[in-house]
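A note on names: the letters A, B, ... follow the listed sequences, proteins ahead of strands, and every chain is numbered from 1.
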Number of protein chains: 2
Amino acid sequence: MFAFLKINTMKLKDKKLTRSDIKRASILDAAMNAFQSKGFNATSMDDITLSAAVSKRTVYNHFPSKETLFNAITARMLTLFFTYEPIPFSKDISLEIQLKNLVEHEINLLTMDEFIAMAKVIFAESIHSPQLVQNAMSEFEEKGSPLVHWFEQAALQGAIKTDHPERVSMQFVAVIKGFCFWPQLIQNAPMPDEKQLDDIAQMTVQMILKQYT
Amino acid sequence: MFAFLKINTMKLKDKKLTRSDIKRASILDAAMNAFQSKGFNATSMDDITLSAAVSKRTVYNHFPSKETLFNAITARMLTLFFTYEPIPFSKDISLEIQLKNLVEHEINLLTMDEFIAMAKVIFAESIHSPQLVQNAMSEFEEKGSPLVHWFEQAALQGAIKTDHPERVSMQFVAVIKGFCFWPQLIQNAPMPDEKQLDDIAQMTVQMILKQYT
DNA sequence: ATAAAAGTAAACTGAAGAGTGTAATTTACG
DNA sequence: CGTAAATTACACTCTTCAGTTTACTTTTAT
């Protein structure tokens, strides 16, 4: 898990993977796993030290405090998911196909288990920190904004009939998350299998088509 | 806030409100507020002691440990919301009206600020406790079950056309929560005002009618 | 090769916080 | 009134944990 982060690290220097880089990556990995499974408070720096196979002083040489480490992780996770290509609306492609693509796109994002992992880390802390994570969070929630943009375009061009495209967009995302995100986040529910995902996708597309065309 | 709990306490003995009862209620109140705003870990027993205007020893006389106190609170909150009348499906009332009632019912529940408060306390802890709160939680999530029951009846009697009434029920709830619950829980978003709630309700009803009749 | 940079082990400090012991006070109640 | 139970203040123990110090070893880069 989180292999994708290591790859990122490697890409930067390619061959010059110094010991320091390895240690740092190891710390980030260990911290991410620990924060994910136990939360910020319940994770001690000694835990991280231990499972990163690194001395405590080394942790503090890379990250001056526990909070710094936490921020480094959230920042990393957030930027990762922010690199998120916008989706153009096209009047030349059938609405059904475009919607199907949108759903799949969204489901793919949500079903990455890294996504759930990240959400656990961040949400659990953010419920009780009005400002701390909140700012990053609001930005993060805008992740839906490419979707909003698509719906706005679709409405403008008359493909979808609504006075509130952003509301339709929210409805769209709400249904997907209701099946593929919240239960997994809160209750550790299993992700729906391929067939169920297909059904959910189809249902969501039908919902938009029947209600707004 | 949480006045409804004090009322409950009073009903039990009516006149025999002994000092001990008052102290106990005061502790529960203080603890609930503290857990809600700061979370379980960040709340110290001394905090509670202080804002309950009670000595520390008294807290421990009533509740042998912090966890016991936490459990007492969650139990209280959960039972409160479990007393939840089932909703019968009727073929004599127009579908639209019944749906409208369902939405309102659900929105009323979610918009009680006690509900959000409770959810914060419980969810924040449950994200990182696989078994601890999880069991109570799963029961709690079934709170939707009267809704499922309504949709099952509606499907059985042909008022709603679907092979998966429980899925339709989830969709229905997902949309409402997407607007009136998750943003408030995670981001401290303000609850939509009356007019917005109306729009959301109407939209949700239309969604079901257009997609499943 | 060698000096600077980075890592290690282990003992330490200081703060916070859960829970206890106790002696003195307050309240309930026959 | 008088006694038993509950409450209080407060000092105390014990543990956990973030962060530091020190004396030493390994890696890296020139």
Side-chain angles (χ1 to χ4, degrees), chain A residues 9-10 12-35 37-74 121 124-125 128-129 132, chain B residues 9-10 12-35 37-74 121 124-125 128-129 132:
Chain A
T9 309
M10 285 198 287
L12 287 177
K13 291 196 165 191
D14 227 354
K15 264 193 174 172
K16 290 196 175 183
L17 246 197
T18 150
R19 176 178 61 163
S20 192
D21 295 333
I22 296 169
K23 296 288 173 180
R24 171 174 260 264
S26 169
I27 293 167
L28 284 170
D29 262 25
M32 187 144 47
N33 281 316
F35 285 149
S37 58
K38 302 198 294 182
F40 181 79
N41 283 307
T43 298
S44 76
M45 290 301 257
D46 291 293
D47 288 345
I48 295 170
T49 274
L50 196 70
S51 73
V54 139
S55 95
K56 196 171 185 179
R57 210 55 189 79
T58 299
V59 174
Y60 278 96
N61 283 341
H62 283 280
F63 306 97
S65 75
K66 192 181 178 185
E67 209 174 303
T68 309
L69 178 53
F70 183 76
N71 290 339
I73 285 174
T74 56
V121 173
E125 300 314 318
H128 294 303
S129 30
L132 210 71
Chain B
T9 309
M10 286 200 287
L12 287 177
K13 290 196 166 189
D14 227 355
K15 264 192 177 175
K16 290 198 174 181
L17 247 197
T18 149
R19 177 178 59 165
S20 192
D21 294 333
I22 295 169
K23 296 288 174 182
R24 170 175 261 263
S26 170
I27 293 167
L28 284 171
D29 263 24
M32 187 143 47
N33 281 314
F35 286 150
S37 57
K38 303 198 295 183
F40 181 79
N41 283 307
T43 299
S44 76
M45 291 301 258
D46 292 293
D47 289 345
I48 295 169
T49 273
L50 196 68
S51 73
V54 139
S55 94
K56 194 171 184 178
R57 214 58 186 75
T58 300
V59 174
Y60 279 97
N61 284 342
H62 283 280
F63 306 96
S65 75
K66 193 181 176 184
E67 208 173 306
T68 310
L69 177 52
F70 182 76
N71 290 338
I73 285 174
T74 57
V121 174
E125 301 314 317
H128 294 302
S129 32
L132 209 71

Could you grab the distance from atom CD1 of B/I73 to atom CG of B/D29, nearest 0.5 Å is fine? 9.0 Å
Answer with base, sugar-phosphate or nothing: what part of the nucleic acid does B/T43 contact at a heavy-atom distance below 4.0 Å? sugar-phosphate
Which heavy-atom pair separates A/T43 from A/K66 by the least distance, and what is that distance? O-NZ, 2.7 Å
Under a 4.5 Å cut-off applied to non-hydrogen side-chain atoms, are A/I48 and A/M45 in contact? yes
In whole Å, I'd like the distance from the CG atom of B/L69 to the C1' atom of C/dG17. 15 Å
What string of B, S and - do you get for nucleotides 1-9 of chain D, 5' to 3', when a contact is any protein heavy atom under 4.0 Å? -----BBBB
To the nearest angstrom, the CZ-P distance between B/F70 and C/dG19 comes to 14 Å
Going by ring pair (Phe, Tyr, Trp, His ring centres under 6.0 Å), name the pairs with one or both residues in residues 37-68 of chain B, residues two or more places apart or in two chains. B/F35-B/F40, B/F40-B/F70
Between C1' on C/dG17 and CZ on B/F40, what's the gap in Å once rounded to a whole number? 12 Å
Looking at every non-hydrogen atom in both residues, tell me the closest pair between B/V59 and B/I27 and how far apart they are. CA-CD1, 3.8 Å
For B/S44, all residues meeting side-chain contact (heavy atoms from CB on, under 4.5 Å), sequence neighbours excluded: B/D46, B/D47
Would you indicate what B/T68 reaches in the nucleic acid, counting non-hydrogen atoms under 4.0 angstrom: base, sugar-phosphate, or nothing? nothing
Dot-bracket notation for DNA chain C, counting Watson-Crick and G-U pairs under 3.5 Å, with | for partners on another strand: ||||||||||||||||||||||||||||||
Atom-to-atom span, CE of A/M45 to C1' of C/dT13 - whole angstrom: 17 Å
Taking side-chain contact (heavy atoms from CB on, under 4.5 Å) as the test, write out the residues that go with B/A124, two or more places apart. A/I127, A/H128
Distance, nearest 0.5 Å, that separates CZ of B/R19 from OG1 of B/T58: 8.0 Å
Which atom pair, heavy atoms only, marks the closest approach of B/A52 to B/S26? O-OG, 2.8 Å
Without decimals, in angstroms, what is the distance between A/Y60 OH and C/dA6 C1'? 18 Å
Rounded to the nearest Å, what distance is computed from the CD1 atom of residue B/I48 to the C1' atom of nucleotide C/dA18? 11 Å
Please write out each protein N/O paired with an N/O of nucleotides 13-16 of chain D under 3.5 Å, distance rounded to 0.1 Å.
none

Rounded distance (Å) that lies between atom P of C/dT8 and atom CG of A/L50: 13 Å
B/K56 NZ to B/L50 CG distance, which is reported to the nearest 0.5 Å: 11.5 Å
How many angstroms lie between CG in B/N71 and OG1 in B/T74, if you round to the nearest 0.5 Å? 5.0 Å
Residue met sooner reading DNA chain C from 5', once B/P64 and B/A42 are mapped to nucleotides: B/A42
Starting from C1' on C/dA16, measure out to CG on B/D46 and report it in whole angstrom. 10 Å
